[in-house]
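Starting from 1, each residue takes its place in the sequence as its number.
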Amino acid sequence: MKIKNGFALRRFADKWIAVSAHELADTRNTLITLNKTAAFVWELLQTDTDRASLLAALTARFEADEAVIAADLDAFLQQAREAGLLDE
């Protein structure tokens, strides 16, 4: 899975915003605010990857219980799917 072409991540001060690019702006008004962790996942999703690889990268980077990280990752991926952001 990976982020579909046509979406970009921009940083404004201490916030990250995912927006639809020019070619999609007329058909999809997607604007998503991401926290630091979600922005990290977004960057990982710039290339084709899978859930296991994402989970491994998150547990290596952040000090938290793996079950909590997995639940948060699954929630983010579900939201990304519902927003039409992922190619799977």
For the student: nearest non-hydrogen atoms of Ala70 and Arg51, plus distance:
CB-NH2, 3.5 Å

Side chain to side chain contact (heavy atoms under 4.5 Å, CB included) assessment of Lys4 paired with Asp87
CA-CA 5 Å; Lys4 287 183 178 179; Asp87 271 332; 3.4 Å; yes

Nearest-0.5 Å distance, CH2 of residue Trp16 to OG1 of residue Thr33
12.0 Å

Non-hydrogen atoms of Ala18 and Leu34 that approach each other most closely:
CB-CD1, 4.3 Å

I need the Gln78 CD to Leu86 CG distance, nearest 0.5 Å.
9.5 Å

Using 0.5 Å steps for rounding, measure from the CD atom of Glu63 to the CD1 atom of Ile69.
9.5 Å

Quick one: does Arg11's side chain have a donor or acceptor within less than 3.5 Å of a partner on Ala13's backbone?
yes

Over 12 foreign heavy atoms within 6.0 Å of CD, Gln46
yes

Say you draw a straight line from CZ of Phe76 to OG1 of Thr37; how long is it, rounded to the nearest 0.5 Å?
10.5 Å

Minimum heavy-atom distance Leu55-Glu66, with the two atoms named:
CD2-OE2, 3.6 Å

Residue pair Ile32, Phe7: steps toward the side chain to side chain contact (heavy atoms under 4.5 Å, CB included) verdict:
CA-CA 10 Å; Ile32 300 170; Phe7 292 94; over 6 Å; no

Output the distance between atom CG (Leu77) and atom CG (Leu73), rounded to the nearest 0.5 Å.
4.5 Å

Straight-line distance of Lys36 NZ to Phe62 CZ, nearest 0.5 Å
6.0 Å

Would you check if Leu9 and Ile3 make a side-chain contact, meaning some heavy-atom pair closer than 4.5 Å?
no

Are Glu88 and Arg81 close enough for a salt bridge, meaning some N to O gap below 4.0 Å?
yes

Heavy-atom closest pair (Ser53 atom, Thr49 atom, distance to 0.1 Å) is CB-OG1, 3.3 Å

Within the distance-only criterion (no hydrogens, no angle test), does the side chain of Asp48 pair as donor or acceptor with the backbone N or O of Met1 below 3.5 angstrom?
yes

